[in-house]
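The shown structure was predicted, so the numbers you read here are calculated from the model rather than taken from an experiment. Numbering starts at 1 and runs along the sequence shown.
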Amino acid sequence: MKPENFIQNKAVLAIKALYDADVKPEDLQVSVTRKEFEGDYTLVTFPLLRISHSAPENTGNAIGAWLKDNVPEIAAFNSVKGFLNISFSSVYWDNLFAEIAADEDYGQLPPTGKNIMVEFSSPNTNKPLHLGHIRNNLLGDSVSRLLKANGNNVIKVTLVNDRGVHICKSMLAWQRVGNGETPESTGKKGDHLVGDCYVAFNNIYQDEVKELVAGGMDEEQAKKNAPCLKEAQDMLLKWEQGDKEVRDLWAKMNSWVFKGFDETYKALGISFDKVYYESQTYILGKELVQEGLKKGVFVTDPDGSVWCDLTADGLDRKLLLRSDGTSVYMTQDLGTAERRFTENKLDEHVYVVGNEQDYHFQVLKLILKKLGFDWSDNIYHLSYGMVELPNGKMKSREGTVVDADDLIESMYQEAKNKTIDAGKLADMDPEEQDKLFHMIGLGALKYFIIKVDPKKTMLFNPEESIDFNGNTGPFIQYTHARIKSILRKASEQGISFDASDVNTSIEPSAKEVRLIKVLNLYPAKVEEAGAALSPAVIANYAYDLSKEFNQYYHDTPILKEADEKVLKFRLVLISTLASVLRKAMDILGIELPERM
């Protein structure tokens, strides 16, 4: 039971005994005591004055005295104006810890019965995944895990943008300068090969624009009339018309990219329950447009294009069908949302997309609402900030992105170098060392990105992320390994223990009470993070818990403790702490090593 609920229930008994009045536990306000006052939790007594007919401090003193005399879990109290500050006894903390230690599912919230879909990643098939995609993937994966920890049934999906003029640009460049290269002939990952073609197209395009300008054409006109751009646009039309040659090349190059993506996802520990393809969804939504026209939600312009006028809502007019009858992104997003909610019986849908698409999702929700879909209120855009590097922003068409695969490899090397320098290999064999380097490198990358609130733009510095001290993934990983080392030594010494060894007659130290308090916060942190769709809450909780352990470990003998009951209590305490750390970091998709 939460401390707040415990105090509410006991205060109800006090009020009945003192004033013969009945109150509901949930009507009593209880919160953590502010740091400047003595106590653990505070009961607000102002609302009770109508029952006590007494001054605030007198009311608090009366309730506090009754609680101290009649509830062994309460050791002391002090009343300050309308606030009753209550201090728990060791009996309470021991009992609370016994509950935590015995609960194998501690921190997993009860089932809600809700179906929630989370869409993330959604890459284009004209380039490999880069650092920006990594933040998207890590947020999407951890938010999915977080929602699952909150008791929801979660469906992880991605929508692959596998059609469009940007895809045709890579295809055209491969035809012009690719010389028939394949992943097999070059040894390159398929997504890298296609990404090189995209960069090559941009170079061809820039040269053609310069040539047109040199011939006397205005620069803006030159950008629109570059031959390679027109050819790419013609290629898209052929694709939409089902041209076999274009479709075959499209399928071949996309297959290269898909295989490359899968390798990167595997390296990141990312998976999806379902993959959608824009080539299969881009025609969705046209029926909704016809329904909208019938309802008068949409209008047709003289040129045949269809629009939704949102000016009365403070927005603009939104195009839904071009004059030639082809759809736009908004059209397919309307159709995709409707199909997903219907087919999966969704209660909520979370889109993990960068903040440059804020307006798009504002419009999407509003149009769905106008079409009569009440579930539009249950669409959430997890709008995250961009990732920048010390040397500035990234541009994929210029080939200046930080490639995801290169970054993962560099994190591995950084982890290897720092681990060797720190002497943390503990006589591991080469295979175990290699696994550890991957675990530390990936843990550092994930934690550094996830610990930042999603809404904030962040600066990623690989060197700062791998540090065995401070608010980093490796610090938490090392904390877990240190606890596991103590537990192994206990086992080697023949010391056995389990949750039943939490002896309620033991007087826990102040630091042990502090650890129990932080452990007790975990379910509330899971709930808080889930409500905010912010895994950063869990990341920073794991750091706080690790800090508390290290301070405790520094000051408290564990294996040298002579009293067997105290020794076993402490072993259960740190074992439980390691378990909660694993659960928290699992929400972030980060593995914790047994040795380090």
Do other residues, nucleotides or ligands put more than 12 heavy atoms under 6.0 Å from [X] [atom1]?
X      : atom1 : value
Glu356 : CD    : yes
Glu104 : CD    : no
Arg488 : CZ    : yes

If you compare all heavy atoms of [X] against all heavy atoms of [Y], which two are closest, and at what distance to 0.1 Å?
X      : Y      : value
Ser142 : Leu588 : CB-CA, 4.1 Å
Asn161 : His166 : O-NE2, 4.0 Å
Met596 : Ala481 : CB-CB, 3.5 Å
Gly113 : Asp347 : O-OD2, 3.9 Å
Pro128 : Gly195 : CD-CA, 3.9 Å

With sequence neighbours left out, write down each residue that passes side chain to side chain contact (heavy atoms under 4.5 Å, CB included) with Leu109, or none if nothing qualifies.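 Partners of Leu109 by the side chain to side chain contact (heavy atoms under 4.5 Å, CB included) criterion, ordered by chain and then number, come out as Asn150, Pro523, Val526, Glu527.
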Contacts of Ser383 that satisfy side chain to side chain contact (heavy atoms under 4.5 Å, CB included) - sequence neighbours left out: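 With sequence neighbours excluded, Ser383 shows a side chain to side chain contact (heavy atoms under 4.5 Å, CB included) to Asn355, Asp358, His381, given in chain and number order.
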Keeping [X] on the side-chain end and [Y] on the backbone end, is there a donor-acceptor pair under 3.5 Å?
X      : Y      : result
Asn152 : Val154 : no
Thr112 : Lys114 : yes
Glu561 : Val566 : no
Asn344 : Leu346 : no
Thr158 : Ser122 : yes
Thr336 : Gln332 : yes
Lys156 : Ser271 : yes

Quiz item: Does Phe97 have its ring centroid less than 6.0 Å away from the ring centroid of Phe569?
Solution: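 Under 6.0 Å, so yes.
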Between Phe258 and Tyr277, ring centroids under 6.0 Å: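 Yes: the rings meet the under 6.0 Å criterion.
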Set of salt bridge (charged side-chain N to carboxylate O under 4.0 Å, His left out) partners for Glu181, sequence neighbours left out:
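Listed in chain order: nothing, the list is empty.
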Non-neighbouring partners of Lys188 that pass salt bridge (charged side-chain N to carboxylate O under 4.0 Å, His left out), sequence neighbours left out
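Per chain and number, Lys188 pairs via salt bridge (charged side-chain N to carboxylate O under 4.0 Å, His left out) with Asp196.
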Does some side-chain heavy atom of [Y] sit less than 4.5 Å from a side-chain heavy atom of [X]?
X      : Y      : result
Ile476 : Leu581 : yes
Lys127 : Asp191 : no
Lys266 : Glu263 : no
Ile270 : Ser121 : no

| query | Any idea how His349 and Tyr351 line up, ring-wise: parallel (<30°), tilted (30 to 60°), or perpendicular (>60°)? | reply |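 His349 and Tyr351: parallel rings.
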- Task: Kindly state each residue pair satisfying side chain to side chain donor-acceptor pair (under 3.5 Å) with at least one member in residues 540-550, sequence neighbours excluded.
- Result: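 Of all non-adjacent pairs touching residues 540-550, those that pass side chain to side chain donor-acceptor pair (under 3.5 Å) are Asn471-Asn540, Thr479-Asn550, Arg482-Asn550, Arg514-Glu548.
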May I have all residue pairs that pass side chain to side chain donor-acceptor pair (under 3.5 Å) and include part of residues 575-592, sequence neighbours excluded?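 Sorted pair list: Arg145-Asp586, His480-Arg582.
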>> Both conditions, 6.0 Å and 45 degrees, for the charged tip of Arg135 above the ring of Tyr384: are they met here?
In response: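 Relative to the ring axis of Tyr384, which defines the angle, Arg135 lies outside at least one limit.
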Relative to Tyr276, does Arg340 satisfy both conditions: NZ or CZ under 6.0 angstrom from the six-membered ring centre, and within 45 degrees of the ring's axis?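 Yes, Arg340 sits over the ring of Tyr276.
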Tell me, with the steps shown, if Asp162 and Trp250 meet side chain to side chain contact (heavy atoms under 4.5 Å, CB included). CA-CA 9 Å; Asp162 64 338; Trp250 167 80; 3.6 Å; yes
| said: With ring-ring contact (aromatic ring centres under 6.0 Å, His included) as the rule and sequence neighbours excluded, what pairs involving residues 103-127 come up? | reply: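 Passing the test, one end in residues 103-127: Phe120-Phe272.
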Got a sec, which residues hit ring pair (Phe, Tyr, Trp, His ring centres under 6.0 Å) with [X], two or more places apart in sequence or on another chain?
X      : answer
Phe448 : Phe460
Phe468 : none
Tyr553 : Phe549
Phe201 : none

**Item:** From Asn126, Asn124, Ile167, residue fulfilling side-chain contact (heavy atoms from CB on, under 4.5 Å) relative to Tyr198
**Value:**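 Among Asn126, Asn124, Ile167, the one meeting side-chain contact (heavy atoms from CB on, under 4.5 Å) with Tyr198 is Asn126.
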**Asked** CG of Asn378 to CD1 of Ile116: how many Å apart, nearest 0.5 Å?
**Response**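 Those atoms lie 9.5 Å apart.
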Of Asp262, Asp405, Asp406, which meets salt bridge (charged side-chain N to carboxylate O under 4.0 Å, His left out) against Lys189?
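Exactly one candidate clears the test, Asp405.
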Run the side chain to side chain contact (heavy atoms under 4.5 Å, CB included) check on Ile495 and Leu571 step by step: do they pass?
CA-CA 10 Å; Ile495 305 170; Leu571 289 172; 3.7 Å; yes
With Asp434, which residues qualify under side-chain hydrogen bond (donor to acceptor under 3.5 Å, both in side chains), at least two apart?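 Residues passing side-chain hydrogen bond (donor to acceptor under 3.5 Å, both in side chains) with Asp434: Tyr412.
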